[in-house]
Structure formats: structure tokens, C-alpha cells
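Keep in mind the model is a prediction, meaning the values are calculated, not measured. Labels below follow one simple rule: chain letters A, B, ... track the order of the sequence lines, proteins then strands, and each chain is numbered from 1. Both backbone and side-chain heavy atoms feed into the values below; hydrogens, waters and symmetry mates do not.
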Protein chains: 2
Amino acid sequence: MSDVFAALADQTRRALLDRLFVKNGQSLTDLHHGMAMSRQAVAKHLHILETANLVSVHWQGREKLHYLNPVPLGEIVHRWVGKFEDARIAALTDFKQQVESASKPLPSDKPEEKRHAHQ
Amino acid sequence: MSDVFAALADQTRRALLDRLFVKNGQSLTDLHHGMAMSRQAVAKHLHILETANLVSVHWQGREKLHYLNPVPLGEIVHRWVGKFEDARIAALTDFKQQVESASKPLPSDKPEEKRHAHQ
DNA sequence: TTGACATGCAACCACATGGTTGCATATAAG
DNA sequence: CTTATATGCAACCATGTGGTTGCATGTCAA
């Protein structure tokens, strides 16, 4: 779970996933091509994606082909994000209720970055 | 974008979001209560969530109340998950095509963790 | 068999991250 | 006014992370 989010937190790894979107089943050398870092750095990123189960691997002779694995994202993230999605409307309503019941005028209809006297 | 994923990559921060999910609009002290770390550590985490726009803030006297902001999650993550979702079927098809065109028998109908002679 | 190619492993390094403590400041309460 | 409360800021520290380089190993092609 943390693995998936952590894997996605890196720009390079998202770029690798993007490249696999465009063309699935690429080797390390393929994916390294055009990247501004060493092959080993790319290999490390791919291993992280593999561990997070976002990429599956298939050996073919001396080449290790990388494939997108969309399943864990669909399962795990959807469940998490879904939770918040459901709360989307409720959150706004709750905010109004809570702030109004605290007898303070509403500065906006959404909890924005209203800086107070502090800092 | 990276901010959102990075913010979610930490267990403590997800726990904080969970607590705000249960009860929205809590102060730092509220959220610190029961956590096995210093108040300042919690404050740092909250600031990261604030920066990632996952939490909005509203000052009320000397209290800083924290509110869930589900919008960026909905927008950014959904877009990414959707991308994977769309590629779900395509990935399987692509894999079959590519492996078969490489004149190798298909070991399974999905690119699983088939370990080869390596390692 | 020999050489080129694709990958893996390990040591190392700079910087980011998550945590601490101490102290300062603003607000509420007596 | 004084004191307690809620938060912020800054220095500091251990560990994790993203990158490097060098070398070893497995596989394909002459």
C-alpha cells in the first residue's frame, strides 16, 4: 500500500510507467534509452515498480521485459480514493456546519488558505 | 502532483487523513493526541498535507483547524488510475501479441512473476 | 570458444526525510 | 498583568533515497 504511493511519488518512475503505456513489454536497455541517468539507476526504479507490483516482468533469453500491471492500483487506490470521493460533497457540508456552528462568519464557501494574524 | 503521491506515501499522514475523515476540522493538538510522536512531528506532517492541498486550514483564535480537501485526490489520482484502468484490457492483449510474435510459447495468459534462470 | 551484450550486485556518496529538542510568539483565561 | 495553552521556527541527528561507479554473471552470435 505504502509501496504503491511511494513508487508513484517519483517523477522518473511515473515517466517509466508512461513509456510502458506507449509501448508495453520493454527491456531495461529500451527503457534506459534517452534517460538522463545511468542504466543502474533505471534498474533500481524498475525494481521499485516491480516490488510495488505496478510492473510485471518476463524473462526472454537475456532480456527482461517489463509490463504494466494495472491490477493493484485499481484495487488499492480505488478503495482509498473512493473513500474520499464519497466524502467529497459531505466535506463541504460538514465544513459549513462546523464553522457556522462555531459562530464565525464564513470567509468563503470552501475552506481555503485564509491566513490569519499568525505568521 | 508528486506532492500528492509523496504525501500519501507515508503511513502517519494517511492515518491523519483517516482521523480527519472520522472527524473533520480538528486542531493540531487534537490530531496529536494518541500519536506516538512529538507534536512538532505531527505539525510537519500536517504541513506536508497542506502543501499537497489534501488538507485545508482555518484559523480560529489560537487554534488551527484542519479540514480534508478531497478535490486534488479526485482530480489527480483519478486521472492516473483511469489511465491504468483503460490500459487494463489492452495490456493483456499487447502482452499476448508481443510474446507470441516473439515466437515463444505463452507461459500463462498474464505477465506474472515467472522467474527465469537469472538470480 | 570468444567477444559483445543485457542484466545483477555491491560499495559508495550527497541530499531528502522523519524524527527530536529548545525556545519564541500569539491568544485565552484567571 | 500573569499564566497556561496552541502553535511556529530553527537547529540538529539518524536513516532512507536516488544517484554514481566498478565488476561479475548469464546469454546470444561469430
For this session: Starting from the C-alpha separation in whole Å, work towards a yes-or-no answer on side-chain hydrogen bond (donor to acceptor under 3.5 Å, both in side chains) for A:R39 and A:H32.
Result: CA-CA 6 Å; A:R39 176 181 54 82; A:H32 172 231; 5.9 Å; no
Problem set entry | Interatomic spacing from CD in B:E63 to OG1 in B:T29 - rounded to 0.5 Å | 7.0 Å
Exercise. Between C:dT7 atom P and A:H45 atom NE2, what is the distance in whole Å?
Worked result: 16 Å
Exercise. Between C:dA28, D:dG8, C:dG8, which nucleotide has the shortest distance from any of its atoms to the side chain of B:K64?
Worked result: D:dG8
For this session: Answer with yes or no whether B:R62 presents, from its side chain, a donor or acceptor under 3.5 Å of a partner atom in the base of D:dT5.
Result: yes
Exercise. When the distance from CG of A:L8 to C1' of D:dG18 is rounded to whole Å, what number comes out?
Worked result: 17 Å
Exercise. With a 4.0 Å cut-off on heavy atoms, is A:T29 in touch with a base, just the backbone sugar-phosphate, or nothing at all?
Worked result: sugar-phosphate
Seminar exercise, completed: Per nearest nucleotide of DNA chain D, the residue lying toward the 5' end, B:K44 or B:D30, is B:D30
Problem set entry | Chi angles and distances behind the side-chain contact (heavy atoms from CB on, under 4.5 Å) call for B:L65, B:Q26 | CA-CA 5 Å; B:L65 302 182; B:Q26 296 188 64; over 6 Å; no
Exercise. Do any N or O atoms from the side chain of B:N53 and from the backbone of B:N69 form a donor-acceptor pair under 3.5 angstrom?
Worked result: no
Problem set entry | Side-chain N,O (B:S27) to OP1/OP2 (D:dA6) below 4.0 Å | no
For this session: Check every atom of D:dG8, C:dA6, C:dG19 against the side chain of A:E63 and return the nucleotide holding the closest atom.
Result: C:dA6
Problem set entry | Between P of C:dA16 and CG of B:D3, the distance in whole Å | 14 Å
Seminar exercise, completed: To the nearest angstrom, the CG-P distance between A:D10 and C:dC15 comes to 17 Å
Problem set entry | Phosphate contact (C:dG19 OP1 or OP2) by B:S38 side-chain N/O below 4.0 Å | no
Exercise. How many Å lie between CG on B:L49 and P on C:dG18, as a whole number?
Worked result: 11 Å
Problem set entry | Presence of donor-acceptor pair under 3.5 Å, side chain of B:Q40 and base of C:dG22 | yes
For this session: Can you tell me the distance, in whole Å, between the CE atom of A:M37 and the C1' atom of D:dT20?
Result: 12 Å
Exercise. Atom CZ of A:F5 to atom C1' of C:dT17: distance rounded to whole Å?
Worked result: 19 Å
Exercise. Salt-bridged, A:E50 to A:K64, with N to O below 4.0 Å?
Worked result: yes
Exercise. Just checking A:L46: base, sugar-phosphate only, or nothing, at a heavy-atom cut-off of under 4.0 Å?
Worked result: nothing
For this session: Return yes if the base of D:dG8 and the side-chain atoms of B:R39 contain a donor-acceptor N/O pair under 3.5 Å, otherwise no.
Result: yes
Exercise. Taking NE2 from A:H66 and C1' from C:dG8, how many angstroms apart are they, rounded to a whole number?
Worked result: 12 Å
